[in-house]
Amino acid sequence: MKAYSIDFREKLIKAYEQGNTSIRKLASRFDVSKSFVQRLLEMKKTQGHVEPKQQGGGMKGELYGYETQLAASDGGKIPRCNLV
């Protein structure tokens, strides 16, 4: 899922700062989760901005980095046995 735009995040913060609303009502109004609003408010308070964090990265497989060694080998083939 893509991160919400900075413009959208700033609108959410501005709506909360205008007052007369709760976090739950704000989340419902903007169709986001309550925890997202809480994290956004906390980020604005502690870091001073609402820019999204970098996403992705993921875990690398156990064989990551061994491409050349695997390509040079026989591909991990098991020799066939001829049973009589």
Side-chain angles (χ1 to χ4, degrees):
M1 183 175 165
K2 279 186 85 169
Y4 291 113
S5 70
I6 295 173
D7 182 52
F8 176 75
R9 292 164 177 251
E10 289 173 348
K11 283 181 186 178
L12 216 153
I13 295 293
K14 187 175 180 180
Y16 181 78
E17 288 174 346
Q18 288 177 351
N20 298 332
T21 189
S22 68
I23 291 175
R24 288 177 194 259
K25 288 179 183 176
L26 196 63
S28 177
R29 180 173 147 198
F30 284 91
D31 197 28
V32 295
S33 68
K34 183 186 96 165
S35 61
F36 174 74
V37 176
Q38 291 171 326
R39 282 184 277 130
L40 201 60
L41 292 170
E42 183 65 24
M43 182 186 287
K44 179 70 173 177
K45 181 179 170 184
T46 58
Q47 298 177 9
H49 63 82
V50 291
E51 294 176 9
K53 296 178 183 176
Q54 186 176 7
Q55 293 181 336
M59 294 179 57
K60 306 282 190 238
E62 288 183 33
L63 298 178
Y64 181 78
Y66 293 100
E67 294 90 1
T68 55
Q69 293 168 343
L70 289 171
S73 71
D74 62 357
K77 296 179 184 174
I78 300 172
R80 292 181 57 167
C81 296
N82 291 331
L83 297 175
V84 179

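V50 and R9 make their closest contact through O-CD, 2.9 Å (heavy atoms, listed as atom of the first residue, atom of the second, distance). Shown here for P52 and I6, the closest heavy-atom pair between the two residues is CD-CG1, 3.9 Å. The nearest pair of heavy atoms linking E51 to M43 is O-SD, 3.6 Å.
Atom NZ in K44 sits 6.5 Å away from atom CD in E17 (nearest 0.5 Å). The structure places CD of Q38 at 11.0 Å from CG of L26, a figure rounded to the nearest 0.5 Å. In this structure, I23 CD1 and S35 OG are separated by 10.5 Å, a value rounded to the nearest 0.5 Å. Distance CD1/I13 to NZ/K45: 12.0 Å, rounded to 0.5 Å. Rounding to the nearest 0.5 Å places CG of L40 at 11.5 Å from OH of Y16.
Under a 3.5 Å cut-off, the side chain of R24 and the backbone N or O of K34 do not form any donor-acceptor pair.
Put simply, the side chain of V32 reaches to within 4.5 Å of the side chain of F8, judged on heavy atoms. Taking 4.5 Å as the limit, some side-chain heavy atom of D7 sits within range of a side-chain heavy atom of K11.
Within a 6.0 Å sphere centred on CD of E62, other residues, nucleotides and ligands contribute 12 heavy atoms or fewer.
For an aromatic pair to be called close, the ring centres must be under 6.0 Å apart, and F30 with F36 fails this.
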